[in-house]
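As structure tokens, the structure follows; a few thoughts come after it.
This is a predicted model, so every value here is computed, not measured.
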Amino acid sequence: MAETIRVLVPEKDVDKKICEIGEQISRDYEGKEIHLICVLKGGVFFMCELAKRITVPVSMDFMSVSSYGADTKSSGVVKIVKDLDEPLEGKDVLIVEDIIDSGRTLYHLIELLQKRNPASIRLCTLLDKPERRVKQVNVDYVCFSIPDEFVVGYGLDYAQKYRNLPYVGVVEGAE
């Protein structure tokens with residue numbers, strides 16, 4: 001049976017919430033410059049839309065991490081696949097993620113980035129699955145808390161498909 005996608009968060013709701021979060025971040029960082037760090041690949045769609053709605057000066061960088069190794073379950077140990085291009089010292093950093101579930105990878109990533117002496121580190125996510133949390137991470141900005149379902153769209157994929165959907169959907173009928 002081929003998988004189908006059920007809409008969980010419609011495009012108009014995603015757009016509205018990103019505008020609201022962008023306004024909140026702009027207020028919180030008023031008078032400062034913010035350095036956005038996108039965790040690739042999934043976070044890129046969200047970060048680009050979010051950056052357009054932030055009114056304070058923004059710089060961006062990208063990093064790719066892996067915590068899976070050869071296994072299908074996260075080990076929680078972060079392996080940097082692509083590191084940042086710029087130093088973080090003295091910068092107000094906002095890590096931008098597509099989804100946070102167990103928290104293992106972000107817990108270790110934040111620990112690693114704090115050693116680079118930023119002025120501050122905060123965390124922003126499009127989607128949060130708090131019931132899956134294994135490692136506590138402080139999530140400063142959450143667009144949507146969602147149930148423990150396999151979701152795609154807005155950067156999230158299933159076998160590299162569906163990242164480009166303009167909404168968040170649930171994969172049904174996948175094996």
* Structure fact -> By salt bridge (charged side-chain N to carboxylate O under 4.0 Å, His left out), K17 pairs with (sequence neighbours left out) E20
* Asked: Is the count of non-hydrogen atoms from other residues, nucleotides or ligands lying under 6.0 Å from E131 atom CD greater than 12?
  -> yes
* In Å and rounded to the nearest 0.5 Å, what is the CD to CG distance from E97 to L106? -> 4.5 Å
* Structure fact -> Hits for side chain to side chain donor-acceptor pair (under 3.5 Å) against T55, two or more places apart or cross-chain, chain-then-number order -> S26
* Using a 4.5 Å cut-off on heavy atoms from C-beta on, say whether the side chain of V170 contacts that of I146. => no
* Structure fact -> Rounded to the nearest 0.5 angstrom, the CG-CD1 distance for L94 and I54 is 6.5 Å
* Verify same cluster id: V7, V151 (apolar side-chain graph, 4.5 Å) -> no
Per-pair distances, 0.1 Å, donor-acceptor, side chain in residues 136-143, under 3.5 Å, sequence neighbours excluded:
| residue | atom | partner | partner atom | Å |
| --- | --- | --- | --- | --- |
| N138 | ND2 | D140 | OD1 | 3.3 |
| D140 | OD2 | L123 | N | 2.8 |
| Y141 | OH | D28 | OD2 | 2.6 |
| Y141 | OH | R122 | NH1 | 2.9 |

* If you group Ile, Leu, Val, Met, Phe, Trp and Tyr by side-chain heavy-atom gaps below 4.5 Å, do Y107 and L113 land in one group? -> yes
* Structure fact -> Rounded to the nearest 0.5 Å, the NZ atom of K129 sits from the CZ atom of F144 at a distance of 15.5 Å
* Could you tell me whether E49 and R53 make a salt bridge, using a distance below 4.0 angstrom between a side-chain N and a carboxylate O? => yes
* Contacts of K41 that satisfy side chain to side chain donor-acceptor pair (under 3.5 Å) - sequence neighbours left out -> none
* Structure fact -> Here the gap from M60 atom CE to L50 atom CG, rounded to the nearest 0.5 Å, amounts to 8.5 Å
* Structure fact -> Sorted by chain and number, sequence neighbours left out, salt bridge (charged side-chain N to carboxylate O under 4.0 Å, His left out) with R6 holds for E149, E172
* Residues two or more places apart in sequence or in another chain: which of them pass salt bridge (charged side-chain N to carboxylate O under 4.0 Å, His left out) with D157? -> R163
* **Side chains of Y154 and L165 in contact at under 4.5 Å (non-hydrogen atoms)** => no
* Heavy-atom distance under 4.5 Å between the side chains of P118 and D92, does that happen here? -> no
* Structure fact -> Hits for side chain to side chain donor-acceptor pair (under 3.5 Å) against K161, two or more places apart or cross-chain, chain-then-number order -> E3
* Between CZ on residue F150 and CD1 on residue I5, distance to nearest 0.5 Å -> 9.0 Å
* To do: List for me each residue that meets side chain to side chain donor-acceptor pair (under 3.5 Å) alongside T4, sequence neighbours excluded, and say none if there are none.
  => none
* Taking all atoms of both residues into account, what is the closest heavy-atom pair of G155 and F45, and its distance? -> CA-CD1, 3.3 Å
Below 3.5 Å, can you tabulate the donor-acceptor pairs from side chains in residues 32-39 to any protein atom, sequence neighbours excluded?
| residue | atom | partner | partner atom | Å |
| --- | --- | --- | --- | --- |
| H35 | ND1 | S59 | OG | 2.6 |

* Linking I/L/V/M/F/W/Y whenever their side-chain heavy atoms sit closer than 4.5 Å, directly or via other members, would I95 and F46 fall into one cluster? -> no
* Just how far is it from atom CD1 of I80 to atom CG of L109, taken to the nearest 0.5 Å? -> 7.5 Å
* V65 reachable from L126 in the ILVMFWY side-chain graph, under 4.5 Å edges -> no
* Would you mind reporting whether I99 and L156 have side-chain heavy atoms less than 4.5 Å apart? => yes
* **Note, Y167 side chain near V9 side chain (heavy atom, < 4.5 Å)** => no
* Under the side chain to side chain contact (heavy atoms under 4.5 Å, CB included) test, which residues partner P130, sequence neighbours left out? -> D128, S145
Mind listing the side-chain donor-acceptor pairs of residues 81-90 below 3.5 Å, one per line with the distance, residues two or more places apart or on another chain?
| residue | atom | partner | partner atom | Å |
| --- | --- | --- | --- | --- |
| K82 | NZ | F62 | O | 3.1 |
| K82 | NZ | D85 | OD1 | 3.3 |
| D83 | OD1 | R116 | NH1 | 3.0 |
| D83 | OD1 | R116 | NH2 | 3.2 |
| D83 | OD2 | R116 | NH2 | 3.0 |
| E86 | OE1 | K91 | NZ | 3.0 |

* Asked: Under 4.5 Å between any side-chain heavy atoms of I100 and R133, yes or no?
  -> yes
* Asked: According to a 4.5 Å side-chain heavy-atom criterion applied to Ile, Leu, Val, Met, Phe, Trp and Tyr, with indirect links allowed, do L40 and M47 form part of one hydrophobic cluster?
  -> yes
